[in-house]
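All chains are named by letter (A, B, ...) in the order of the sequence lines, taking the proteins before the strands, and each is independently numbered beginning at 1.
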Number of protein chains: 2
Amino acid sequence: MDDEAPGLPRRPRADGQRTRQLILREAVSLATVDGLEGLSIGNLAKALGISKSGLYAHFGSKQELQLATVDEAGRIFQAEVVEPALAAPAGLAQLVAVCDAFFDHLQRRTLPGGCFFAGAALEMGTRPGPVKERVAGFQGAFVGLIRQFAAAALRQQQLPAAEDPDFLAFELNGIILAADTNFVLHDDTGVLDLARQVVRRRLGVAPAQLDAGDDLR
Amino acid sequence: MDDEAPGLPRRPRADGQRTRQLILREAVSLATVDGLEGLSIGNLAKALGISKSGLYAHFGSKQELQLATVDEAGRIFQAEVVEPALAAPAGLAQLVAVCDAFFDHLQRRTLPGGCFFAGAALEMGTRPGPVKERVAGFQGAFVGLIRQFAAAALRQQQLPAAEDPDFLAFELNGIILAADTNFVLHDDTGVLDLARQVVRRRLGVAPAQLDAGDDLR
DNA sequence: GTCAATGTAGCACGACCGTTCGTGCTGCCA
DNA sequence: TGGCAGCACGAACGGTCGTGCTACATTGAC
């Protein structure tokens with residue numbers, strides 16, 4: 001992931017890495033609003049209160065900044081969506097949990113422009129290069145995770161035997177994308193409630209208590 | 001749709017309207033690659049072999065160009081997706097037809113960057129203004145159309161009575177978005193075959209003959 | 001405590017952005 | 001057929017883009 005050319009012994013200082021981390025957090029946020037390509041060095045530096053060249057010292061080029069931003073977005077997604085799902089019991093519950101974690105992730109508004117990867121996938125899909133490949137890698141890994149959950153649920157006979165893990169993963173990924181698109185477009189949390197119900201109805205589990213015990217407002 | 005400020009009696013010439021049409025077609029194509037915001041006057045003019053100012057005579061501002069581009073994309077979508085679906089018999093067949101028409105639309109590669117509205121919705125969702133509103137209008141109308149088809153199929157008892165038109169429209173819209181995202185990202189027509197199967201399995205109709213009689217290559 | 005490495009700033013560059021201007025050319029209607 | 005509005009052009013505006021360069025401040029290791 002964070003490979004470095006071994007010929008250049010770059011030994012970053014402690015505060016430098018802290019600044020780099022702050023830059024990347026802000027970069028992920030801005031990228032969900034302006035896009036990964038529309039993310040500009042000047043805007044990013046202004047939002048952080050540092051100079052363009054000060055920022056530029058951390059990343060040799062805009063493409064390196066984009067790659068590091070994708071990785072940072074992956075870390076956030078891992079912490080906010082994947083890990084909560086992995087904490088759920090394997091099988092059908094995990095399948096529901098990963099969708100709910102995604103909807104919670106949106107509702108929490110960690111990122112101002114919705115899901116980073118949904119936007120980045122459509123934006124970079126038409127721009128071949130290492131950035132697109134990295135985005136595609138994360139997206140493919142996530143769909144693979146859902147398929148893995150679905151296969152486990154099938155093995156535990158918590159789903160009809162006629163179900164197909166690939167089909168199911170495709171559908172659930174679609175529900176997730178539809179939720180993100182409609183949420184971003186209409187800024188209405190009711191979309192997320194609808195999505196939660198759709199997931200449960202599709203998987204044949206009992207509807208959740210949407211108003212009990214969640215402090216997501 | 002094509003409203004004009006009534007204070008200025010603009011009486012366009014025939015060749016002017018033809019040029020304007022050529023500009024908009026190219027604008028829609030470029031926008032699916034560079035995004036609606038990344039679409040630049042200079043690039044568009046260069047692609048058309050005309051000057052920036054010559055192009056600018058047709059649209060007073062970039063926003064007007066964007067609005068007209070969204071409308072043109074809507075016309076293309078209407079002709080390529082909606083009208084073929086409307087030609088199918090009402091009910092379940094229409095529900096399948098609208099999805100198939102969308103997948104065909106992608107496979108035909110009318111636009112180089114996949115579905116215009118899928119990209120525009122995610123891109124403009126974070127940018128309030130008239131352009132976002134117009135995109136949201138088209139997107140909402142399309143989901144409404146799917147729901148209408150679903151309701152008709154339910155009325156004709158071609159679907160289980162437990163199905164809900166809103167839920168179904170949400171799911172099918174999701175399948176469509178997943179198909180577009182994966183197709184754009186991986187440039188693999190196999191994704192579209194998978195999507196066609198997913199739709200049929202979900203709706204409980206017989207699998208299509210994917211290789212018989214379609215000249216889509 | 002010294003010193004080299006690292007972090008940040010300021011400045012400037014060429015290119016491109018959206019936009020405006022002045023100026024011809026030309027299809028259309030009176 | 002004359003006149004005029006629509007069309008297209010080249011040039012230029014102020015800004016911002018990504019990207020370099022140099023200079024100074026800060027830091028960590030010896």
*Would you say B/T19 reaches D/dA8's phosphate, i.e. side-chain N/O to OP1/OP2 under 4.0 Å?*
yes
*Please determine if a side-chain N or O atom of B/S40 lies less than 4.0 Å away from the OP1 or OP2 oxygen of C/dC17.*
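For C/dC17, OP1/OP2 do have a side-chain N/O of B/S40 under 4.0 Å.
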Tell me the interatomic distance from [X], atom [atom1], to [N], atom [atom2], rounded to whole angstroms.
X: A/R18; N: D/dT26; atom1: CZ; atom2: P; answer: 15 Å
X: B/I41; N: C/dT19; atom1: CD1; atom2: P; answer: 6 Å
X: A/L30; N: D/dC17; atom1: CG; atom2: P; answer: 12 Å
X: A/E37; N: C/dC16; atom1: CD; atom2: C1'; answer: 14 Å
X: A/Y56; N: D/dG18; atom1: OH; atom2: C1'; answer: 6 Å
X: A/Q17; N: C/dT6; atom1: CD; atom2: P; answer: 12 Å
X: B/N43; N: D/dC17; atom1: CG; atom2: C1'; answer: 14 Å
X: B/L48; N: D/dC7; atom1: CG; atom2: P; answer: 15 Å

_Identified side chain to side chain contact (heavy atoms under 4.5 Å, CB included) partner of A/F103 from the options A/I175, A/L194, A/V81_ =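 It is A/I175; the other options fail the test.
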*Pick the nucleotide of DNA chain D nearest each of B/K52 and A/G42; which residue has the one closer to the 5' end?*
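Looking at the nearest nucleotide for each, B/K52 comes out on the 5' side.
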*Got B/R196 and B/D104 here, is their nearest side-chain heavy-atom distance under 4.5 Å?*
yes
*Would you call A/L39 and A/N43 a side-chain contact if the rule is heavy atoms closer than 4.5 Å?*
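With C-beta onward as the side chain, the pair stays apart.
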Under 3.5 Å, which protein N or O atoms sit close to an N or O of nucleotides 22-30 of chain C? Give each pair with its distance.
{"unit_1": "C/dT26", "atom_1": "O2", "unit_2": "B/R13", "atom_2": "NH1", "d": "3.0"}

*asked:* Under 4.0 Å, counting only non-hydrogen atoms across every strand here, what does A/L65 touch: a base, just sugar-phosphate, or nothing?
replied: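 Here A/L65 touches no strand at all.
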*How would you label the contact of B/L55 with the nucleic acid (heavy atoms, under 4.0 Å): base, sugar-phosphate, or nothing?*
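Touches nothing.
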Say whether, by atom type as modelled, one donor and one acceptor occur between the side chain of [X] and the main chain of [Y] under 3.5 angstrom.
X: B/E37; Y: B/E123; result: no
X: A/N182; Y: A/V191; result: no
X: B/Q66; Y: B/L36; result: yes

*Which nucleotide in the list C/dG7, D/dC17, D/dG20 gets nearest to the side chain of A/H58?*
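The nucleotide sitting nearest to the side chain is C/dG7.
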*Ignoring the backbone of B/A57, work out which of C/dG18, D/dA8, D/dG18 is nearest its side chain.*
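Looking only at side-chain atoms, B/A57 lies closest to D/dA8.
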*asked:* I want to confirm an ordering. Mapping B/G38 and A/I50 to their closest nucleotides on DNA chain C, which one lands closer to the 5' end?
replied: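 Taking each residue's closest nucleotide, the earlier one in sequence belongs to A/I50.
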_Reading DNA chain C from 5' onward, which residue's closest nucleotide shows up sooner: B/K62 or A/G54?_
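It is A/G54 whose nearest nucleotide is closer to the 5' end.
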*How long is the gap from CD1 on B/I176 to OG1 on B/T181, to the nearest 0.5 Å?*
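It comes to 11.5 Å.
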